[in-house]
Amino acid sequence: MANLFNADNAPTEEPEEFVIGDFVQWKRTDLSTDYPNTTHTMAYVARIREGGANEITISGTNSNNDYLFTVTSAVSAGYAEGNYHWQLEVTETSSGNRIVITTGEWEIKPDL
């Protein structure tokens, strides 16, 4: 198994689940052609499905030509357990215009 703390080994798809208090990171390598990270920003915005007010925002950082999304252990320790709907938003930096390019779900599990 590769060292998952190393950004070079980050998976290229969103996680389906993670544990509160875990370090989690992934890359999107498939979007930089259409949305270069020099002229766009990306962020996952998630809200707990059970109707709570818990909202999570995970902003991408530049990783060469890709977008790297990182959640530190300290940050995920503050997440509430549950099922979340998320959307990936891309913003054109010059205009501030935003579009949602994909959606999905996460399960955030309790730390045993």
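- Between the side chain of Ser76 and the main chain of Ile20, no donor-acceptor pair closer than 3.5 Å is present.
- Formation of a donor-acceptor pair under 3.5 Å by the Glu107 side chain with backbone atoms of Tyr84 is not found in this model.
- Without hydrogens or angle criteria, Asn97 side chain to Glu92 main chain gives no donor-acceptor distance under 3.5 Å.
- Taking a cutoff of 4.0 Å between a charged side-chain nitrogen and a carboxylate oxygen, Glu13 and Arg28 do not qualify as a salt bridge.
- Under the 4.5 Å side-chain heavy-atom criterion for ILVMFWY residues, no single connected hydrophobic cluster contains both Leu4 and Phe18.
- If you take CG on Asn83 and CD1 on Ile108, they are separated by 9.0 Å, rounding to the nearest 0.5 Å.
- Side chain of Thr61 to backbone of Leu68: a donor-acceptor contact under 3.5 angstrom is found.
- Here CD of Glu14 is found 12.5 Å from CD of Glu105. Values are rounded to the nearest 0.5 Å.
- The backbone N or O of Thr41 lies less than 3.5 Å from no partner atom in the side chain of Thr91, so there is not a single donor-acceptor pair.
- Cluster membership for Met42 and Val45, using ILVMFWY side-chain heavy atoms within less than 4.5 angstrom, is not shared.
- Note on Val71: it clusters hydrophobically with Phe69, by side-chain heavy-atom contacts below 4.5 Å among ILVMFWY residues.
- Counting heavy atoms from C-beta outward, Ile101 and Tyr35 have side chains that approach closer than 4.5 Å.
- To the nearest 0.5 Å, atoms OG (Ser63) and CG (Asp8) are separated by 7.0 Å.
- If you chain together hydrophobic residues whose side chains sit under 4.5 Å apart, Val75 and Trp26 fall into the same group.
- Rounded to the nearest 0.5 angstrom, Arg47 CZ and His85 NE2 are separated by 11.5 Å.
- Considering only heavy atoms from C-beta on, Tyr67 stays 4.5 Å or farther from Thr29 through its side chain.
- Taking the six-membered ring where tryptophan is involved, the planes of Tyr44 and Trp106 are tilted, since the angle between them lies from 30° to 60°.
- Within the model, atoms CD of Gln25 and CG of Asn6 stand 7.5 Å from one another, a figure rounded to the nearest 0.5 Å.
- A distance-only check finds no donor-acceptor pair linking the side chain of Asn64 to the backbone of Asp66 [under 3.5 Å].
- Partner Thr102 forms a side-chain contact (heavy atoms from CB on, under 4.5 Å) with one of Leu31, Leu88, Val90 and no other, that one being Leu88.
- Looking only at distances, a side-chain donor or acceptor of Ser32 sits under 3.5 Å from a matching main-chain atom of Asn65.
- Distance alone, capped at 3.5 Å, is enough to place a donor-acceptor pair between the Thr93 side chain and the Thr39 backbone.
- The 12-atom threshold is not exceeded at CD of Glu16, counting heavy atoms of other residues, nucleotides or ligands nearer than 6.0 Å.
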